[in-house]
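Comments concern the structure below.
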Amino acid sequence: MSANVHSKSMTIKRSAEQAYALAERDGFALLDIVIDDRRLKALLDDDSCGAFVSFEGRVRNHNNASSVERLTYYGYEDLAINQGRQIIEEAKRKFAITHAIAIHRIGALDIGDVAVWVGVASAHRYPAFDACRWILDTVKAEIPVWKQEYYDNQPSKWLSNNG
Amino acid sequence: MSANVHSKSMTIKRSAEQAYALAERDGFALLDIVIDDRRLKALLDDDSCGAFVSFEGRVRNHNNASSVERLTYYGYEDLAINQGRQIIEEAKRKFAITHAIAIHRIGALDIGDVAVWVGVASAHRYPAFDACRWILDTVKAEIPVWKQEYYDNQPSKWLSNNG
Amino acid sequence: MPIAAKDTDPVTDNTININVLYFASLADKANCNEESVTVSQSTSLTQLYEQLSEKHGFSHSPLELKVAINDYFAQWTDSIENGDNVVFITPVAGG
Amino acid sequence: MPIAAKDTDPVTDNTININVLYFASLADKANCNEESVTVSQSTSLTQLYEQLSEKHGFSHSPLELKVAINDYFAQWTDSIENGDNVVFITPVAGG
């Protein structure tokens, strides 16, 4: 396996600044550096919102029985952004929420690093919980991001959310 | 209405350091200053946890039809701490979670201030969502904290979560 | 059973001293956050609340309230003892 | 319909040029992240995938894959046109 065939999908085409601007406008972006949740939360601030729910998906030190050393996420950025925008639009139709942002990180990640972040602000609490969970599930099901886990005791593997 | 009869319930007896230590040990505390969610998140960090869900309840600029200017929370700290500890213990029995912390702030708050913070870390995502929501609901139902809202167009009111 | 002054001796006259804390609207009505009351040994929590309601003009029915003894929630049927801290809890509003 | 070289003229010979991107395990098998292929104008997405599977030894059934045209998810029954970007999407693993 050559590293070169994947290297383009380990980084985003835009700058981080452009990615945050996209997240603010469309509610979705890929990033290839540490996700700044402070910055994302600030984008969701709204005095009319009494509820803010956020989810962070972090790289665990194990998956099933295997000990994970690190992993790499690869993304198809242009499709991810188009699909992510539609997911956020649909979330705003389905739930009584004010703002929502989801970010997926790509590239090489270490244990504990945040791979996906979802934040939702709403007037009341239940729609924020419901929408955050739905956005996360939908991102995991639909966004073209792939994951390769590296273990200490066996070859790396391509993972799949579909089992 | 005299301010003196409520002044003791607007502050906590312990220092903020003691409150954070209590939150780390028992999963619950009252605070009378800005809630430091960074610090609470750090207490919940665990390499075995792939999921982190947090909720922030912020002071909204409106409640029903009224425009809220500010509000004050009052707490019965000793009961709150005993009940909060039991809520977190029960959450850990009910849900497959690793850690959970809930903090309620008391005293005078402005629009946008965080009044309640709940964070849950778990290996998988659904228990974190379920536990975070359950802890929040149970805190709102059981923790002895009272709220007085101040409006621009009418006298202040004691609020109730029971309608 | 009227509420007596705090200096009554509980040992000799079959009364007990209870420390009552007030929060929220009850503190407004009582115009204090704490008071010590002396009641007969057999006084129930319901009777204690009735006496204090009469004294301070509380408008809540006990059905709307919870009660705590010594910083833990209690049942209305729990008995109280000399030196207990009792708090009547109006509907809470956290979060 | 065999895959022809890129420099074939689509106007004169009823073929179209398609740009195919590869990700994850398909990129491993194809040993590239992108290639331009020339196919007959009437080629369906399923036929395109079959041809590329034969060329690169892909093991996924099309039933396991999604397909995207020009950076949007598409149906397997959608037609492709000269200049389209086509991507076959193996099961994703975000989050």
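So you know, we letter chains A, B, ... as the sequences are listed, proteins then strands, and number each from 1. Being a predicted model, the structure only gives us computed values, none of them experimental.
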Nearest 0.5 Å, what's the [atom1]-[atom2] distance between [X] and [Y]?
| X | Y | atom1 | atom2 | result |
| --- | --- | --- | --- | --- |
| A:Ser48 | B:His62 | OG | NE2 | 6.0 Å |
| B:Arg60 | A:Asp47 | CZ | CG | 11.5 Å |
| A:Arg58 | B:Cys49 | CZ | SG | 7.5 Å |
| A:Asp46 | B:Asn61 | CG | CG | 7.5 Å |

Contacting region of A:Val53 [heavy-atom separation from chain B under 4.5 Å]
both

Contact origin within A:Asp45 toward chain B - heavy atom pairs under 4.5 Å
both

Quick check for you: among A:Ala121, A:Ala128, A:Gly112, A:Ala51, which has the greatest number of heavy-atom pairs under 4.5 Å with chain B?
A:Ala51

Walk me through whether B:Asp137 and A:Tyr126 qualify under side chain to side chain contact (heavy atoms under 4.5 Å, CB included).
CA-CA 10 Å; B:Asp137 284 350; A:Tyr126 292 139; 2.8 Å; yes

Shortest non-hydrogen contact between [X] and [Y], atoms and distance:
| X | Y | result |
| --- | --- | --- |
| A:Phe55 | B:Gly50 | CZ-O, 4.4 Å |
| A:Asp130 | B:Arg133 | OD1-NH1, 2.8 Å |
| A:Arg38 | B:Asp37 | NH2-OD1, 3.0 Å |

Residues, nucleotides or ligands: over 12 heavy atoms within 6.0 Å of B:Arg25 CZ:
no

Determine, step by step, whether A:Leu136 and B:Phe129 satisfy the side chain to side chain contact (heavy atoms under 4.5 Å, CB included) criterion, reporting the C-alpha distance in whole Å, the side-chain angles of both residues, the deciding distance to 0.1 Å, and the verdict.
CA-CA 11 Å; A:Leu136 175 65; B:Phe129 276 108; 3.8 Å; yes

